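As structure tokens, the structure follows; a few thoughts come after it.
Because only heavy atoms are used, hydrogens play no part in the values below, and waters and symmetry mates are left out as well, while side chains stay in. This one's a predicted model, so the numbers in the text were calculated from it and none came from an experiment.
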Amino acid sequence: MKEELERKSKELEQTLQMQLEVAKKESEEWVKIGAVALASGLLAFGLYQIFGKNKEKKKTKKVMETLAKEGLLDAEIKKKLTQKAEPGLLGRVGIALLPMALNYGKEQLLSKLQESATKKSDEPQK
């Protein structure tokens with residue numbers, strides 16, 4: 001009885017070790033994909049900060065200078081030119097859909113991981 005329990009414990013340890021190795025291999029791929037996505041997002045954000053915002057600021061500054069020269073610049077117009085725009089319809093819809101999309105992605109990921117884990121555990125051990 002004692003020998004049988006020891007044998008089962010060794011088998012369980014081996015199974016656990018194999019599952020951990022599989023999880024590590026799969027997680028490495030996801031980490032790489034996440035790193036690439038993060039890096040590309042940061043690159044896009046940086047490029048927008050460098051090139052995109054400056055154009056908007058320059059145009060606004062030129063318009064304000066022109067209006068000031070003509071004497072048409074008052075506090076209300078200045079506020080309208082420098083105030084950030086409120087999010088439109090797509091922004092509001094995006095805010096509503098983002099949590100749902102994340103939840104759906106999480107469910108898909110978990111189902112794939114469970115599927116691969118069951119496939120690995122169903123295979124005969126050598």
Side-chain angles (χ1 to χ4, degrees):
M1 176 100 175
K2 186 176 180 181
E3 292 174 3
E4 185 178 326
L5 289 175
E6 287 179 8
R7 184 177 50 81
K8 284 185 179 182
S9 70
K10 286 182 182 179
E11 288 177 4
L12 287 174
E13 286 177 13
Q14 289 174 351
T15 304
L16 178 63
Q17 191 65 27
M18 289 175 59
Q19 288 176 347
L20 286 174
E21 289 175 11
V22 169
K24 284 180 185 177
K25 288 179 183 176
E26 290 178 357
S27 66
E28 286 176 4
E29 294 172 9
W30 285 106
V31 167
K32 289 177 184 176
I33 291 169
V36 168
L38 179 66
S40 61
L42 288 174
L43 179 65
F45 179 74
L47 290 174
Y48 175 74
Q49 291 288 7
I50 292 171
F51 297 114
K53 270 191 170 181
N54 291 337
K55 288 182 181 179
E56 293 174 12
K57 287 181 182 178
K58 287 179 184 176
K59 287 181 182 178
T60 304
K61 189 175 179 181
K62 285 182 182 180
V63 168
M64 287 176 56
E65 287 175 0
T66 305
L67 289 174
K69 285 180 185 177
E70 296 177 6
L72 300 173
L73 185 65
D74 60 351
E76 184 181 340
I77 293 175
K78 187 174 182 180
K79 182 180 177 185
K80 286 182 180 180
L81 288 174
T82 57
Q83 182 180 9
K84 281 189 168 183
E86 293 182 12
L89 177 65
L90 290 177
R92 292 184 190 124
V93 170
I95 290 170
L97 290 179
L98 181 65
M100 289 188 284
L102 288 174
N103 191 27
Y104 177 75
K106 182 178 76 171
E107 289 174 5
Q108 292 295 320
L109 174 66
L110 290 176
S111 67
K112 295 260 185 195
L113 289 175
Q114 287 177 348
E115 195 176 289
S116 66
T118 56
K119 284 182 183 177
K120 296 290 181 183
S121 64
D122 290 342
E123 292 177 359
Q125 294 180 1
K126 295 181 180 178

- Query: By side chain to side chain contact (heavy atoms under 4.5 Å, CB included), which residues pair with Glu76, not counting sequence neighbours?
  - Reply: Asp74, Lys80
- Item | Apart from Leu102 itself, residues in the same hydrophobic cluster as defined by side-chain heavy atoms under 4.5 Å | Leu98
- What pairs with Leu47 under side chain to side chain contact (heavy atoms under 4.5 Å, CB included), at least two apart in sequence or on another chain? Leu43, Phe51
- Query: In the hydrophobic clustering (ILVMFWY, side-chain contacts below 4.5 Å, transitive), which residues join Leu42, or is it alone?
  - Reply: Leu38
Ignoring hydrogens and angles, write down the donor-acceptor pairs under 3.5 Å from the side chains of residues 63-72, residues two or more places apart or on other chains.
residue	atom	partner	partner atom	Å
Thr66	OG1	Lys62	O	2.8

- Task: Using the side-chain contact (heavy atoms from CB on, under 4.5 Å) rule, take Arg7 and Glu3 through it: C-alpha gap first, then chi angles, then the decisive distance, then the call.
- Result: CA-CA 6 Å; Arg7 184 177 50 81; Glu3 292 174 3; over 6 Å; no
- Any chance you could measure Leu110, atom CG, to Lys112, atom NZ, to the nearest 0.5 Å? 12.5 Å
- Measure the spacing between CD of Gln17 and CG of Leu12 and express it to the nearest 0.5 Å. 13.0 Å
- Query: With sequence neighbours excluded, what pairs up with Gln108 under the side chain to side chain contact (heavy atoms under 4.5 Å, CB included) test?
  - Reply: Tyr104, Ser111
- Note on the structure: Glu6 meets the salt bridge (charged side-chain N to carboxylate O under 4.0 Å, His left out) criterion, sequence neighbours left out, with none
- Query: Taking only residues two or more places apart in sequence, or in another chain, which ones meet Lys10 in a salt bridge (charged side-chain N to carboxylate O under 4.0 Å, His left out)?
  - Reply: none
- State the CG-CE distance between Leu16 and Met18, to the nearest 0.5 angstrom. 11.0 Å
Let me check something: any side-chain donor-acceptor pairs from residues 23-32 under 3.5 Å, sequence neighbours excluded? List them with distances.
residue	atom	partner	partner atom	Å
Glu26	OE2	Ser116	OG	3.3
Ser27	OG	Ala23	O	3.1
Ser27	OG	Lys24	O	2.9

